[in-house]
Structure formats: structure tokens, C-alpha cells
Amino acid sequence: LVQIRTFEVWASIRKPGCRTCRATMGGVVASICSPCGGSVPPPPPKAPVACNVAGYDFAPESNHTPATSAPEPAPAPVPEPAPPPQPEEPPKPVPTEPITLETLQGDWVNSVGAKIKVNGTEVSLNGMVMKVHPVMLNDDGTVASIGRIWQMKGWQAEDQIEFKEAPSREVMEFARSVVWTRATEAKMAAWTEQMAGLGYTGSSKDVLSRGIEGCCPGTCDAKAKIVVDDKDRDRAELELLNKLIQEYRLPGLSVVPPRKVIPDFSNRGHTGLSVEHVHYLASSFKEKGFQKRRGNEGHDIPVLVKQETKSDLGQKSIENWRSKVKDEAGFPPMEHYEMVFKQDVIYTSLGNGHFNQALNLFACECPSIYKDIKYTCGGDDALKEAVYQGVSAIVLRSDIALRDRETISRLLNSKREFKWNVGADGSVDISDATEDTGTCKQFEALSKVLDAVELNCLVRSELGVKESHRIGQ
């Protein structure tokens, strides 16, 4: 049986025409047919060879004990898959309903770190009721402003309302945004942590009774602690001021009548002029006489922009000044300016704006807001010349950008201690100006850097005014 099976195997693997296969097969047949196993001696035994024919396993038996294989290492633990990220909650749409008095009721936190509470029309800031700045409403019942400090802009997001930090809607376009956020427990916890990081802990935590630790001695301004006497900065700012003026100025100096001058839209952070300071200067002209500028001595040189009345910034300056004159009877009457507004060109002041409007008080013979007198020139010829003919001024082209106007206006005031050099041909070089290190009154120094509202307060303090309808405005 084994031999038959072997034959079958060989028959299955033989190759046609192979002599070796035929010879081997013949020997196998002879041994099968012979009764004694055949006369052909069997071939010498060969070393067993493993046969790997499909379906059969003729691997030789081995007397060797197979070597024990090393145990396989335990499989590494498979980390549990991370939970799928939670999808972010889509932003909610900005509300579109009108903002009414009812909308503002309750507690808020604004973007400059103040806690606000609205109760009816009464607004409290850090626990202090702002009596002169209640919620102001439009005719349709929607919120117009918070007094004269924040003008309503509208919804910014759910539970967030944007205001513009400006005294009126006419000047709110370029003002800083202040965002009110509805106060929740989580938001108040974040606000408390933020204020602690800013140093509002200890005695500074109580708004109504905190001291001024961290401030520069003699000030209430925490930012003042970083102020240093930097001559390089002064020189760089003077060079910037000189560069801007030289780039946009018209040749020489021009004599411009004050009746053609109104404040530029960019002047003093868009707050315009201080009516109290205008009257302070007019009172000084009347009591002490007008001092003409001679050489580099005397009043400051006005810096004006020759502006077309129909241009965008010309119209903004006109409308801004109209609103100021309408709200404040202490300025010259509007009729004084309307004739100029009908002309093609006006002049807007970047520097010395209070000076020109003080002269206009004399042109209109306006009454003083301090005394029962009128401003008249009398026998002061120098004052008459300044009022009706004007004084020499630096005039800039109308294509100067708004930001450059703001820069010039700011630097003209902050660099008041540097005296300009005016050439015989009217040329001005500010970059090489010399610093006046003499002493001056604190009132004079502060009057150059405050906005109109702050300057009103400063003048009242200087003059000792205790009773005025402007107090608190």
C-alpha cells in the first residue's frame, strides 16, 4: 500500500520526457510485480528529505527535543480612546430688539473694569450714583445715552451693549468703544480676578475710600508712575511735529481773521473747546491788555487748516461746532459764524483755538459769564487789530489726514514749553526749538493737555467759582 501510494505521488510529480523519472518509475514497477520483491537491489537509503507537497507531510521524525521558545511578551495595554471633542456651541445671533430703559435694568460690567448698576434712570458707577448722567431716552423710548459720557451704539452680542465714549452723538464716530456686559456669577468671578491682578486689592479694593498707592507723588494717576524725563522722546516728537507741519503747510505765514476760524473736528479728542477757558482768556485780554507777538515772544502762533466748507471734514467741523454753540450760550452766537459757513473756505484750528474764540467774544461784544460786563476793545489798538484783522498763523492744506491732525493738535499742546523759531520769511523750524526751563503756573501747564470738560473744571478751580450751572456737567 505504501509503495502504491509512493507511485501515485511520483506519478503526480513526474515530468514528461525526464529520464530520471522513467528509470525510477521502472524500478518501482519491477519491485511491485516481482514475488520476492524484485531482483533489483533496493537503492541505498538516503537521508530523509521533507516533502512539502500540498496535502502531505513527509517531514522526518526527529529524536531531538525541540528547544523551548521564549515566552511571548505580554501585549501592551491598549489606551482607551479619547472621548470625542464636544462641538463648540455656535455663537448666538446678535439681538435685534430695541434697547429700552427696561433692557438696561440691573448689574453690568464694562470693558474698562467698572461695575455698573442701573435702577430706573439712575446709573451707579462702582457704587457711586452719577446724578448728572442718568439714562437719556429718545422720543420713541429707546436709550440714547448715559448722560453726556456714553452714547448708545447698539447690541454687540447677546448680553453685550456697545457705547461710544463721547459727549454727543455728533462726535461719537471716532470715539473709544465701551462695552457693557450683563453681570453673571461667572463673569463677576472673572472680573474680581482680573481687578486683583491689576492691583485693586487691599485698600484699593474699596472704591469710595481707597488711597493712591502706586501713583506718582502729587497725582491721582496710576499711569503717571511710568513718566520719565526723556529728552530723546521730546526730540523725536518735535521732529515728528516739524515734519508734519512742513509737509502740509502753505508757504509763509497768513493773517487770518478770527471770525473765519472754528475748532477742527479732531481738536482735544473731538470734545471741542472749553467755554470757561475762552472767557478766562477774554477776561485776561480786557484786564491786562492784549500782548502782540514780537519775534519769538508773546502769544502762541495759531495752527490752522484751510478747509473747504463742503468737504467731509469741513462739514463735520461745522456740525460739531454748531452743536457746541447750541448747547452752550457762553460762546459767540451762531449768527456770527453762519455767514462764514456760506463761503467756500473756512479755517479750522488745531492749536490756539481758545485764543481765536476769545477774540470773537470781543467782535460780538458778548457778556462775560463771570461778571456783569461786556467784552469791548475800548482803546486797546492791539486788541482791535487782532479782533478785526487777525494774527499771523501757520496754515496747512486741507488734504492732511484726520490722524495727522490729531497728532499735531496733541503735540502742539504737550510741547508748549518749547519755543519756536520763526524766520524772517515766515518759515518755522520746531525741530531745533529750545526748551523753556523756567517755572510756570500749574494751571497753565494743565490747560494744554486737558479736554474741554476737564478744562472747564480747571478754570472754575483757578477762579474759585463755586456756583455755576456747568458744575457737574
Quiz item: Does the pair Asn119 and Glu122 meet the rule for a side-chain hydrogen bond (donor to acceptor under 3.5 Å, both in side chains), with working shown?
Solution: CA-CA 5 Å; Asn119 184 15; Glu122 189 177 78; 4.9 Å; no
Self-check item: Stepwise salt bridge (Lys or Arg N to Asp or Glu O under 4.0 Å) test for Glu338 and Arg322
Solution: CA-CA 9 Å; Glu338 289 294 350; Arg322 275 181 176 147; 3.0 Å; yes
Self-check item: salt bridge (Lys or Arg N to Asp or Glu O under 4.0 Å) between Glu239 and Lys243, worked out
Solution: CA-CA 6 Å; Glu239 290 177 355; Lys243 173 181 175 294; over 6 Å; no
Quiz item: Can you list the steps and then say if Thr103 with Leu101 is a side-chain contact (heavy atoms from CB on, under 4.5 Å)?
Solution: CA-CA 5 Å; Thr103 309; Leu101 183 61; over 6 Å; no
Practice problem: Mind running salt bridge (Lys or Arg N to Asp or Glu O under 4.0 Å) on Lys292 and Glu385 for me, showing each step along the way? | Solution: CA-CA 10 Å; Lys292 291 185 65 173; Glu385 180 183 348; 3.3 Å; yes
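Counted by atom type alone, Glu102 and Thr100 present zero donor-acceptor pairs between their side chains at under 3.5 Å. With 3.5 Å as the limit, one finds no donor-acceptor pair spanning the side chains of Ser323 and Glu319. In the model, Lys153 has no side-chain atom that pairs as donor or acceptor with a side-chain atom of Ser177 under 3.5 Å.
In this structure the side chain of Met339 never reaches within 4.5 angstrom of the side chain of Arg259, judged on heavy atoms. Counting heavy atoms from C-beta outward, Asn110 and Thr181 have side chains that stay 4.5 Å or more apart. Looking only at side-chain heavy atoms (C-beta outward), Leu104 and Ile146 come within less than 4.5 Å of each other. Side-chain contact between Ile373 and Lys286 is present, with at least one heavy-atom pair separated by less than 4.5 Å. In this structure the side chain of Val256 reaches within 4.5 angstrom of the side chain of Val261, judged on heavy atoms. Contact check for Met128 versus Asn126: no side-chain heavy atoms found under the 4.5 Å cut-off. Looking at heavy atoms from C-beta onward, Arg293 lies in side-chain contact with Ile301 at the 4.5 angstrom threshold. A heavy-atom distance below 4.5 Å is found between the side chains of Ile408 and Leu396.
Without hydrogens or angle criteria, Ser368 side chain to Tyr370 main chain gives a donor-acceptor distance under 3.5 Å. Looking only at distances, a side-chain donor or acceptor of Arg169 sits under 3.5 Å from a matching main-chain atom of Ala144. Judged purely by atom type and a 3.5 angstrom limit, Ser349 has no side-chain atom pairing as donor or acceptor with the backbone of Asn352. A distance-only check finds a donor-acceptor pair linking the side chain of Ser409 to the backbone of Leu350 [under 3.5 Å]. Not a single donor-acceptor pair under 3.5 Å links the side chain of Ser145 to the backbone N or O of Met136. Remark: side-chain polar atoms of His354 are paired, donor with acceptor, to backbone N or O of Ser274 under 3.5 angstrom. The backbone N or O of Leu411 lies less than 3.5 Å from no partner atom in the side chain of Glu237, so there is not a single donor-acceptor pair. One N or O on the side chain of Arg249 and one on the backbone of Gly252 form a donor-acceptor pair closer than 3.5 Å. For the pair Asp380 (side chain) and Phe290 (backbone), a donor-acceptor distance under 3.5 Å is present. Using a distance-only test at 3.5 Å, with no hydrogens or angles considered, a donor-acceptor pair links the side chain of Arg405 to the main chain of Ile400.
Atom-to-atom distance recorded for Lys342:NZ and Thr309:OG1 is 12.0 Å, nearest 0.5 angstrom. Interatomic distance, Leu402 CG to Thr407 OG1, rounded to the nearest 0.5 Å: 9.5 Å. Atom-to-atom distance recorded for Ile394:CD1 and Leu304:CG is 9.0 Å, nearest 0.5 angstrom.
Lys384 pairs by the salt bridge (Lys or Arg N to Asp or Glu O under 4.0 Å) definition with nothing, not counting sequence neighbours. The salt bridge (Lys or Arg N to Asp or Glu O under 4.0 Å) search around Asp159 returns none, not counting sequence neighbours. Arg176 is linked by a salt bridge (Lys or Arg N to Asp or Glu O under 4.0 Å) to Glu165, counting only residues two or more places apart in sequence or in another chain.
Ring pair Tyr375/His279 is tilted by interplanar angle, where 30° to 60° counts as tilted. The aromatic rings of Tyr337 and Trp321 stand perpendicular to each other, their planes meeting at an angle above 60°, with 30° marking the opposite boundary. Using a 30° and 60° split on the angle between ring planes, Trp180 and Trp150 fall in the perpendicular class, above 60°.
Across all non-hydrogen atoms, the minimal contact from Ala157 to Trp155 is O-CE3, 3.6 Å. When all heavy atoms are compared, the tightest approach of Pro302 to Val391 is CG-CG2, 3.9 Å. Nearest approach of His336 to Ala363, heavy atoms of both residues: CE1-CB, 4.2 Å. Here the closest non-hydrogen pair linking Ser266 and Glu406 is CB-CG, 3.5 Å. Across Arg182 and Gln105, no two heavy atoms sit closer than the pair NH1-O, 2.6 Å. Smallest separation of non-hydrogen atoms from Glu173 and Lys164: O-NZ, 3.9 Å.
Pairs engaging residues 390-402 under the salt bridge (Lys or Arg N to Asp or Glu O under 4.0 Å) rule: Arg397-Asp399 [sequence neighbours left out]. Listed by first and then second residue, the salt bridge (Lys or Arg N to Asp or Glu O under 4.0 Å) pairs involving residues 302-312 are Asp312-Lys316 (not counting sequence neighbours). Contacts classified as salt bridge (Lys or Arg N to Asp or Glu O under 4.0 Å) and involving residues 347-375 (residues at least two apart or in different chains) are given here: Glu287-Lys371.
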